J.: 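Here's a structure for you.
Each residue takes its place number in the sequence, starting with 1. Quick note: numbers below take in every heavy atom, side chains included, and nothing from hydrogens, waters or symmetry partners. The structure presented is a predicted model; accordingly, all values stated were derived computationally and were not measured.
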Amino acid sequence: MDRIGHVYRETDVDLFSSVVHHIIGQQISTAAQKTIWERLSAKLNKVDAAGILSLNRDELQSVGMTYKKADYILDFAGKVQNGSFNIEALEEMTDEQVIRELSSLKGIGVWTAEMIMTFCMQRPDVVSYGDLAIIRGMRMLYRHREIDKEKFIRYRKRYSPYGTVASLYLWAIAGGAIPELTDPAPKRKKS
């Protein structure tokens, strides 16, 4: 922490738009996510359930997302609109309950739920085993060739109750914030 300094993170305090934003960002670059998000935001006055449901599948897809993501977003908006998914109730739930509830939605898995808890809900103790950069940061920091689930759990316990802060620093390390820390994972051979 002393070497890297303060790590700033952007947050999105609107839970509905954060879920949509994270569905859009799955398995694409940050730049592509930003472009698609800007197009969607320009199309709508507000990214909320009513706004999303004012668009059809083709209109959603036309901003650059896949049809599958458009379907996930429409399904989510419909459930929020009809009350079958109570988004406000998430704020009162434990981390485990939030993960379970969000993961019940189409297109949301554990990793996406953890990112929503980190960057929107601002939960203090989130360290994602499914995040490749966090695992890479752990390998680099602790000089392990691999981080299995057992090692991960041991480190996560060490970071608690400030796991989210640890995650921010592990992302920074994985991104090269400390140049002399290299990834000790064995290099994969190209076939």
Side-chain angles (χ1 to χ4, degrees), residues 9-91 93 95-123 126-137 149 152 164 167-168 170-172 174-176 185 188 190-191:
R9 67 174 166 166
E10 285 188 35
T11 57
D12 176 5
V13 295
D14 182 77
L15 195 47
F16 182 89
S17 69
S18 183
V19 171
V20 172
H21 194 248
H22 280 86
I23 291 172
I24 289 170
Q26 294 171 346
Q27 299 180 335
I28 62 174
S29 72
T30 304
Q33 178 186 30
K34 183 177 188 283
T35 299
I36 294 167
W37 181 254
E38 287 171 354
R39 288 177 189 158
L40 180 63
S41 297
K43 208 177 248 294
L44 301 172
N45 288 330
K46 182 177 183 191
V47 179
D48 61 7
I52 292 294
L53 293 172
S54 73
L55 303 175
N56 65 38
R57 183 179 192 241
D58 289 327
E59 290 171 317
L60 267 178
Q61 188 277 329
S62 73
V63 300
M65 69 182 75
T66 64
Y67 278 114
K68 190 174 234 178
K69 287 182 183 181
D71 291 340
Y72 295 155
I73 291 167
L74 286 167
D75 182 69
F76 167 61
K79 287 178 176 173
V80 169
Q81 184 84 353
N82 71 25
S84 63
F85 187 85
N86 184 350
I87 196 163
E88 288 85 22
L90 295 175
E91 294 293 347
M93 295 180 186
D95 290 354
E96 294 76 20
Q97 291 169 325
V98 170
I99 290 169
R100 188 171 47 254
E101 288 299 307
L102 285 172
S103 296
S104 74
L105 297 167
K106 292 179 182 175
I108 303 279
V110 172
W111 178 83
T112 302
E114 290 168 335
M115 295 307 104
I116 292 166
M117 289 178 3
T118 299
F119 295 104
C120 176
M121 300 177 79
Q122 300 179 53
R123 295 288 176 106
V126 181
V127 185
S128 178
Y129 184 67
D131 192 280
L132 298 177
I134 286 176
I135 299 301
R136 182 172 192 255
K149 187 77 171 181
F152 174 83
T164 303
S167 294
L168 297 173
L170 291 167
W171 280 319
R188 297 189 186 254
K190 294 182 181 178
S191 46

J.: Can you measure from CH2 (Trp111) to OG (Ser103) and round to the nearest 0.5 angstrom?
T.: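 Atom-to-atom, Trp111:CH2 and Ser103:OG are 12.5 Å apart.
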J.: Relative to each other, are the rings of Phe85 and Phe76 parallel, tilted or perpendicular (30° and 60° limits)?
T.: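 Aromatic pair Phe85/Phe76 classed perpendicular.
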J.: Does Tyr72 reach the side chain of Ile108, with side-chain heavy atoms less than 4.5 Å apart?
T.: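 Contact flag for Tyr72/Ile108 side chains = no.
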J.: Taking all atoms of both residues into account, what is the closest heavy-atom pair of Ile99 and Glu114, and its distance?
T.: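 Shortest heavy-atom contact: CD1-CG, 4.0 Å.
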J.: If you count the non-hydrogen atoms of other residues, nucleotides and ligands that lie under 6.0 Å from CD in Glu91, is the total more than 12?
T.: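 Yes, the 6.0 Å shell around CD holds more than 12 heavy atoms from other groups.
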J.: With the side chain counted from C-beta on, respond yes when Leu90 and Met93 share a heavy-atom pair under 4.5 Å apart, and no when they do not.
T.: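 Contact flag for Leu90/Met93 side chains = yes.
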J.: Please name the residue in the list Asp12, Thr11, Val98 that meets the side chain to side chain contact (heavy atoms under 4.5 Å, CB included) test with Met121.
T.: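 Exactly one candidate clears the test, Val98.
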J.: What is the distance from atom OG1 of Thr112 to atom NE2 of His21, rounded to the nearest 0.5 Å?
T.: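 Atom-to-atom, Thr112:OG1 and His21:NE2 are 12.5 Å apart.
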J.: Can you see which heavy atom on Val126 is nearest to which on Ser167, and at what distance?
T.: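 In this case the closest contact between Val126 and Ser167 is O-OG, 2.7 Å.
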J.: Just to verify, what does Trp171 make a ring-ring contact (aromatic ring centres under 6.0 Å, His included) with, not counting sequence neighbours?
T.: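 Trp171 satisfies ring-ring contact (aromatic ring centres under 6.0 Å, His included) with Phe119 once adjacent residues are dropped.
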J.: Can you tell me if Asp58 has over 12 outside heavy atoms packed within less than 6.0 Å of its CG?
T.: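 Yes, because the 6.0 Å sphere around CG of Asp58 holds more than 12 heavy atoms from other groups.
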J.: Within the structure provided, determine whether Leu60 and Met65 are in side-chain contact (heavy-atom separation under 4.5 Å).
T.: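 Yes, at least one pair of side-chain atoms sits under 4.5 Å.
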J.: May I ask you to check whether Ser17 and Asp14 show a side-chain donor-acceptor distance below 3.5 Å?
T.: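 Result is yes, a qualifying pair exists.
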J.: Check Asp48 against Phe16 and note the closest heavy-atom contact, atom names and distance.
T.: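 Looking at all heavy atoms of both residues, the closest pair is C-CE2, 3.2 Å.
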J.: Are Ile116 and Leu15 packed together at the side-chain level, in the sense that at least one heavy-atom pair is separated by less than 4.5 angstrom?
T.: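 They are in side-chain contact.
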J.: Mind checking the CG-CD spacing from Asp95 to Gln97? Nearest 0.5 Å is all I need.
T.: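 Answer for the CG-CD pair, Asp95 versus Gln97, is 9.5 Å.
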J.: How about Ile24 and Ile73: do any of their side-chain heavy atoms sit closer than 4.5 Å?
T.: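 Of all side-chain heavy-atom pairs linking Ile73 with Ile24, at least one is under 4.5 Å.
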J.: Please list all pairs passing the salt bridge (Lys or Arg N to Asp or Glu O under 4.0 Å) test where one or both residues lie in residues 24-44, with sequence neighbours left out.
T.: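 Residue pairs with at least one partner in residues 24-44: Lys34-Glu38.
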J.: Would you check if Leu40 and Ile52 make a side-chain contact, meaning some heavy-atom pair closer than 4.5 Å?
T.: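 Of all side-chain heavy-atom pairs linking Ile52 with Leu40, at least one is under 4.5 Å.
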J.: If you compare all heavy atoms of Lys149 against all heavy atoms of Tyr129, which two are closest, and at what distance to 0.1 Å?
T.: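 In this case the closest contact between Lys149 and Tyr129 is N-OH, 3.2 Å.
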J.: Return yes if some donor-acceptor pair links the side-chain N/O of Glu59 with the main-chain N/O of Asn56 below 3.5 Å, else return no.
T.: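 At least one qualifying donor-acceptor pair exists.
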J.: Less than 4.5 Å apart, side chain to side chain, heavy atoms only: is that true for Asp131 and Met115?
T.: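 Counting from C-beta outward, Asp131 and Met115 do come under 4.5 Å.
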J.: Please report the shortest heavy-atom distance between Ala133 and Ala174, naming the atom on each side.
T.: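 That would be O-CB, 3.3 Å.
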J.: Taking all non-hydrogen atoms of both residues into account, name the closest pair between Arg123 and Thr164 and its distance.
T.: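 Smallest heavy-atom distance, with atoms named: O-OG1, 2.6 Å.
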J.: Supply the atom-to-atom distance Leu74 CG to Lys106 NZ, rounded to the nearest 0.5 angstrom.
T.: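 Here the rounded value is 11.0 Å.
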J.: Just verifying a value: how many Å separate Leu53 CG and Gln81 CD, rounded to the nearest 0.5 Å?
T.: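 Answer rounded to 0.5 Å: 5.5 Å.
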J.: Taking side chain as C-beta onward, heavy atoms only, is Val20 less than 4.5 Å from Ile23?
T.: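 No. Closest side-chain heavy atoms not under 4.5 Å.
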J.: Any side-chain to backbone donor/acceptor pair from Lys69 onto Gln26? Under 3.5 Å, distance only.
T.: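 Yes, because the side chain of Lys69 sits within donor-acceptor range (under 3.5 Å) of the backbone of Gln26.
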J.: Could you state the interatomic distance from CD1 (Ile36) to OG (Ser41), rounded to the nearest 0.5 Å?
T.: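 So the CD1 of Ile36 and the OG of Ser41 are separated by 11.5 Å.
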